[in-house]
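Values in this document were obtained by computation on a predicted structure and should not be read as measured data.
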Amino acid sequence: MIKKVLIILSLFLFAGHLLFTVLYLTPFNPVKAKYSFAINGYMEPVFSQNWRLFAPNPASTNNKFLVRAELADGEKTDWLDLTTFMIEKNQDNRFTPYNRLVRIQRGAFTSLYQTDEVTLKISQTIEEKNLDREDYEHMLENERTKKQDEYALEALNRYAQSYVRSVYPNKDIEKTQIIMQETKAKPFSEKDNEDYEREVNLHEFEWVDYVAVSPVFD
């Protein structure tokens with residue numbers, strides 16, 4: 001009896017996950033627009049998919065997150081790279097939890113820095129019809145997008161704090177801070193220029209109080 005219940009529950013969960021995934025990946029449509037908050041809330045950041053490697057809008061920057069901590073005695077640690085080692089771990093073995101953990105950063109970046117389809121469609125309509133943008137500001141900057149940003153930043157901070165605790169298991173951590181390092185891609189016209197220096201921009205987040213979290217990294 002228990003076995004049958006587990007099988008039915010597993011099928012139900014699989015069907016639900018498949019439905020959300022299909023809706024998430026389909027082109028913009030009324031159903032996706034109406035339930036976008038629920039769909040994105042489920043898919044991001046763990047199950048998010050990113051196809052920006054391909055045309056028409058391929059990625060033009062390399063982005064990575066770094067974190068540092070402030071200890072109880074006021075000392076600040078060095079910056080720790082949150083991104084590179086996770087990518088290397090995932091590439092070493094894709095059948096581990098690292099395959100999902102690495103998506104937390106990507107999902108957070110998508111939520112914080114990339115416009116969702118609903119907002120993008122509204123913005124495009126405003127430009128095409130030459131409408132007054134201020135009249136639609138409440139739609140472009142609404143509670144739904146704010147909640148998505150808050151959720152993404154909270155997940156990113158928890159993720160970062162777990163890593164900090166893994167690196168400094170015996171330190172008394174008070175606060176943590178994250179920055180995103182954005183490195184512009186090398187232009188094709190400069191492909192043979194070995195002295196070309198790519199533009200690097202830093203996006204700094206505010207310090208947040210440390211919340212006790214289990215270290216999940218080794």
Are [X] and [Y] linked, directly or through other ILVMFWY residues, by side chains that come within less than 4.5 angstrom of each other?
X: Leu66; Y: Tyr168; answer: no
X: Met180; Y: Ile87; answer: yes
X: Ile173; Y: Val208; answer: no
X: Val213; Y: Leu82; answer: yes

Any donor-acceptor pair under 3.5 Å linking the side chain of Gln161 with the backbone of Ala69?
no
For Ser162 and Arg158, indicate whether the former's side chain and the latter's backbone hold a donor-acceptor pair under 3.5 Å.
no
Could you give the distance from [atom1] ([X]) to [atom2] ([Y]), rounded to the nearest 0.5 Å?
X: His203; Y: Ile178; atom1: NE2; atom2: CD1; result: 14.0 Å
X: Lys64; Y: Phe85; atom1: NZ; atom2: CZ; result: 12.5 Å
X: Thr183; Y: Leu202; atom1: OG1; atom2: CG; result: 8.5 Å
X: Thr83; Y: Asn63; atom1: OG1; atom2: CG; result: 8.5 Å
X: Leu11; Y: Leu18; atom1: CG; atom2: CG; result: 12.0 Å
X: Leu9; Y: Ile2; atom1: CG; atom2: CD1; result: 13.0 Å

Considering the options Glu70, Glu206, Lys76, Glu204, which one meets the side chain to side chain donor-acceptor pair (under 3.5 Å) requirement together with Gln177?
Glu204
Heavy-atom distance under 4.5 Å between the side chains of [X] and [Y], does that happen here?
X: Trp79; Y: Gln181; value: no
X: Asp172; Y: Leu71; value: no
X: Asn201; Y: Lys184; value: yes

Ring-plane angle category for Phe65 and Phe205, please: parallel below 30°, perpendicular beyond 60°, tilted otherwise.
tilted
Only one of Val167, Ile179, Thr176 passes side chain to side chain contact (heavy atoms under 4.5 Å, CB included) with Val67; say which it is.
Thr176
